[in-house]
Amino acid sequence: MHGFRFIKIHKTHHLHSVKYSMMINYNHTVFVFLLLSLGIFKLGSCSENNVTVKCIQSEREALLKFKKGVNDTPAGKLSSWVGEDCCQWKGVECDNESGHVTKLNLSNPAGRHRHFDYYEELQYDAISNRNRPCDACNDPCASGAPFRRGRGCRKSSRSLLGDVNSSFSEDVNASLSGEITRFLGNLSSLTHLDLGGNYNLSTQNLDWVSSLSSLEYLYMGEVKINHTKADWLHAINMLPSLRELSLYSCELKYLPSSLTFLNLTSLRALDLSYNPFNTSINLSYYPFNTSIPQWLFNLTSLTSLDLTFSNQNGKILDSFGRLGSLKYLYLGGNNFSGSIPASIGNLSSLKELDLSYNKMNGTIPESFGQLSKLVKLYLLENSWECVITEAQLMNLTRLEEFVLTTNNRSQPLVFHVKYDWRPPFKLKILHLESCLIGPEFPKWLQVQSELTYVILKNVEIKGTIPEEWFSMISSNLTHLDLSNNQIKGNLPHQLVFPNVTKLFLQSNLFSGPIPSNISDLMPSLQYLDLSENHLYGKIPLSISKIKHLNILVLKRNNLSGELPHQWNESQKGLHVVDISYNNICGKIPSSMGFLGNLSILVLSNNNLSGEIPSSLQNCSIVSMDFGGNRLSGKLPSWIESNIFMLRLRSNLFSGTIPRKWCNLQKLRILDLAQNNLSGGIPDCLNNFTAMVGHNIVGYEPIENYTEKASIMRKGREMEYDRTLPLVTCIDLSGNNLTGGIPFEITSLTRLDTLNLSMNHLSGNIPENIGNLSLLETLDFSNNKLFGPIPESMSSLTSLVKLNLSFNNLTGRIPSGNQLQTINDATMYKGNPLLCGSPLLTKCPGDETSDDPTITSVEDKQNGDDYERIWSYASIGLGFVVGFWSVCGTILLKKSWRHRYFCFCDDIKDRIALLIALKVVHLKRKFGLEKS
């Protein structure tokens, strides 16, 4: 219709046509203007969204007051806290609309908490792609486990449950120090607060936390909370929106058993691990017989609970079954006892369970078989006494890590499953120790084809292990421990283990030679322990080609031949070589000097000969044991001051003891016995400062390796392993040493064994020998010592073994204290001029046991007169006191005198009456009474 009108006007009115043309131009202009206006509006909107909202001034001041109370490194996060807009400061995040601070992350990932890691070096690169970024498909960081056990990526400060929506940084900073001020409580809109890992940070209380009513995530692990009471929990209980709480290692000592009301209904993750909670209550009088607070079982939204090493004890209650949402439950490192409750089967969502390092001495219930989502099960170091059947394992279809060890020797845990039982799970990590799964290698293990980490230690396996199982797992295997069993057969010569880093086969019955191509079969080996088997043949030269080898232990076999001669610099990681108790001959190769980090070298009890190569001074040796060989030459003077044990006994060494050895300040065990050494004992032994004082100086323990050494103590050879760092010994016996015993040796107050026997020593025993108060063994026998035995020797209160026989000692044997408990005459034998107990020879002036005591007439008379005088005086004094106590009182006091005589008359009458009655009785008895 409008178009028709337009045509009609156009045809009829030309003037109107012109006007209409002008109107079209006007409308077009208006249209363009509207479009431009709309664009400008949109542009304005966009620019308005990009406008940075500055933080609230009061919150900025609160942050600055917090900064004032703590110290940070120059390059730390707080160094960026300058300028007006606190929303731009590092670690601070604000709401884009309101400007309120909502997130504050000042965590220190370098100090970030990890769970106790049972397998710190699992070679987890192959298992969990440790070095790759977190990914929901292939990395354990994304699985949601709180504070992963140090195996995958470092757990960020974002969330205990894997919340990845935060932009928190994970820069590794040094710990903040100082005290948290209450002004942080002014950040009323704060939802995330992360101060975790700042182990130098503290706060007097948590009262300021109760003001953060919007808080959802609170991480304060390792921050010292100086609460003297349990009110820290009451402050936390004021946060109704709190979802995750981490207070590990906060030195909290009080955990209240009850709350008047529970406000933490939204809590999903709770970490109170590594706190020394005071659980001194008597559980026998406690209604629930446990130290776990009852309010905890009302947190039904919990998906993660960590009470690791929190000093809990008692029994694990059935109440845990009420926490049906739990996915992660960590109760390791406490003092729990008893059995696992049957209610554990109610935790149908459970993925990880850790009850390790407790005192559990009961059973594992059949309801365990209901945990169909369980992935990781840690039951290390308890005293389980039960039988594992298919019932406990039948539905664990997702189980990947199964760790169970027991220390119950009287009634160990037994696996009792059918021979042909096929488990529903595919394990990756299996650790069974000190339980019974043998004697045959179980069929249910032979079908586990995805294993990467295997420990079957002391599980009573006998016989051989199928090579098919080895070949099935060989490509994935990184760790294999079959030690302390009775496994027979040869070592596998054809199987390839490209990823195995640790191989433990010690204490078995393996025989045959070590594979000559072991470097090709196991190129990644870091730890190889084949000790205490029946292996024979030569040590393969290819061992010196394994570049990453750290520990090599081949002791107590029947290996022969020479040591490999091709050690090289590529094996710079080799720390321990132990090939003791074999039949190795030849010389110690000088190429071992290329092993710059070699710290423990044990070649004892072989047939080695020649000298100790000087090239070994290039190593970092702290323990050298070459005892029981045929080594000769002079003692090496180049021994470094870091050495802890130097054991060269039973060899052919000659010459003198190097005076340079006086610089061995860390030396605690010096055993040079049974050699051909000559000269004197250096008089600078007081420089062995590790033998003085109470500090135990040794070397850092090495993972899975415990050095053993045989030490002559208390008259017999004793083998030490874990207690070896506690031994302090000097044994120079069986040599040709001359001169005297240096008095400086009495400065070694920590010395517990001193053996200088079977030498040619002369002179006196040092007068201050009693200073060695911890000495347990002292042997100076078979020397040329003379003079008296010092009286101070009776001060050796720890002495167990003493031998001074076959010397030229004179005088009286000291007595008293410990010397009387080791009263053995043989320890003084061969000293004809010694006298006194326990010898039969009496010292001049001593009484003999056979003759009467001879006393002079004058002494006897004087003694008798003295005794007679005292006897007469005592009698006279007693008579006077008795007489005047009774008779004098009667004479002086009339009333007492009257009563006394009345008493006498009464007694007289009573006696007369009794006599008369007795006479009558006798007359009747004998019929003398008249009728």
Side-chain angles (χ1 to χ4, degrees), residues 55-82 86 89-93 101-113 157 168-169 171-215 217-239 242 244-256 271-278:
C55 68
I56 308 300
Q57 181 63 23
S58 61
E59 296 183 355
R60 179 180 180 275
E61 293 176 358
L63 291 173
L64 289 177
K65 289 179 180 178
F66 165 79
K67 177 183 178 181
K68 187 177 180 180
V70 300
N71 298 316
D72 191 16
T73 58
K77 289 184 178 181
L78 299 186
S79 61
S80 69
W81 285 24
V82 293
C86 65
W89 295 350
K90 195 171 185 179
V92 180
E93 188 172 327
V101 176
T102 57
K103 298 179 182 179
L104 179 61
N105 173 30
L106 299 176
S107 64
N108 176 28
R112 173 67 72 177
H113 166 64
S157 57
F168 289 163
S169 170
D171 296 339
V172 177
N173 302 318
S175 170
L176 296 175
S177 60
E179 187 172 328
I180 302 172
T181 64
R182 58 182 175 82
F183 295 102
L184 276 187
N186 294 340
L187 305 178
S188 57
S189 298
L190 204 64
T191 60
H192 292 67
L193 176 59
D194 192 346
L195 302 174
N198 290 292
Y199 42 84
N200 290 322
L201 204 58
S202 65
T203 179
Q204 288 299 320
N205 54 61
L206 291 182
D207 294 342
W208 54 271
V209 172
S210 60
S211 301
L212 306 177
S213 57
S214 301
L215 202 62
Y217 302 90
L218 177 59
Y219 312 115
M220 292 184 62
E222 294 193 2
V223 176
K224 184 179 180 182
I225 301 175
N226 297 317
H227 268 277
T228 56
K229 299 179 181 179
D231 51 351
W232 65 268
L233 182 60
H234 297 289
I236 297 294
N237 197 34
M238 301 300 292
L239 306 177
L242 195 64
E244 298 184 11
L245 173 63
S246 175
L247 296 178
Y248 66 88
S249 299
C250 291
E251 300 186 14
L252 296 171
K253 297 180 181 179
Y254 300 95
L255 184 61
D271 185 353
L272 298 177
S273 59
Y274 297 91
N275 281 293
F277 289 123
N278 187 351

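None of the values given here were measured: they were computed from a predicted structure. Quick note: residue numbers are just sequence positions, from 1.
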_Under the salt bridge (Lys or Arg N to Asp or Glu O under 4.0 Å) test, residues paired with K224 that sit two or more places apart_ = E251
*Kindly determine whether D231 and N205 satisfy side-chain contact (heavy atoms from CB on, under 4.5 Å), including the steps that lead there.*
CA-CA 8 Å; D231 51 351; N205 54 61; 5.7 Å; no
*Side-chain heavy atoms of L195 within contact of T203, under 4.5 Å*: no
*Could you list the residues that satisfy side chain to side chain donor-acceptor pair (under 3.5 Å) with W89, not counting sequence neighbours?*
none
_Distance, nearest 0.5 Å, that separates CE of M220 from CG of L247_ = 7.0 Å
_How long is the straight-line distance from NE2 of H192 back to CG of L215, given to the nearest 0.5 Å?_
8.5 Å
*Indicate yes or no for a side-chain donor-acceptor contact from S210 to the backbone of M238 under 3.5 Å, with no hydrogens or angles considered.*
no
*Would you call W232 and L255 a side-chain contact if the rule is heavy atoms closer than 4.5 Å?*
yes
*Could you grab the distance from atom OG of S213 to atom CG of L242, nearest 0.5 Å is fine?*
12.0 Å
*State the CD-OG distance between E179 and S177, to the nearest 0.5 angstrom.*
11.5 Å
*If you take all heavy atoms of S211 and G185, which pair is closest and at what distance?*
CB-O, 3.4 Å
_Could you measure the distance from the OH atom of Y217 to the CG atom of L245? Nearest 0.5 Å is fine._
13.0 Å
*L201 side chain reached by I180 side chain, heavy atoms, under 4.5 Å*: yes
*Taking all non-hydrogen atoms of both residues, which atom of Y199 and which atom of S175 are closest, and how far apart?*
N-OG, 3.1 Å
*Does any N or O in the side chain of N275 come within less than 3.5 Å of the main-chain N or O of C250, such that one atom is a donor and the other an acceptor?*
yes
*asked:* side-chain contact (heavy atoms from CB on, under 4.5 Å) for N71 and N200? Distances and angles first, verdict last.
replied: CA-CA 10 Å; N71 298 316; N200 290 322; over 6 Å; no
*Beyond-backbone contact of K77 with N105, side-chain heavy atoms, under 4.5 angstrom*: yes
*Between L78 and K67, which heavy-atom pair has the shortest distance, and what is it?*
O-NZ, 3.3 Å
*Is a side-chain donor or acceptor of N198 paired with a backbone partner of L106 at a separation under 3.5 angstrom?*
yes
*Heavy atoms only: give me the nearest L239-A235 pair and the separation to one decimal.*
CG-O, 4.2 Å
*Is the closest side-chain heavy-atom distance between I236 and V209 below 4.5 Å?*
yes
_Between T102 and E93 (side chain of the first, backbone of the second, donor and acceptor by atom type, cut-off under 3.5 Å), is there such a pair?_
yes
*Side-chain heavy atoms of D271 within contact of Y219, under 4.5 Å*: no
*Find out whether L63 and L187 are in side-chain contact, i.e. whether some heavy atom of one side chain is under 4.5 Å from a heavy atom of the other.*
yes
*Are any of the side-chain heavy atoms of K65 and N186 separated by less than 4.5 Å?*
no
_Let me confirm one number: the CG-CZ distance from L64 to F183, rounded to the nearest 0.5 Å._
11.5 Å
*Should the pair F66 and W81 be assigned to parallel (<30°), tilted (30 to 60°) or perpendicular (>60°) ring geometry?*
tilted
*If every non-hydrogen atom of G196 is compared with every non-hydrogen atom of Y248, which pair is closest and at what distance?*
C-OH, 4.4 Å
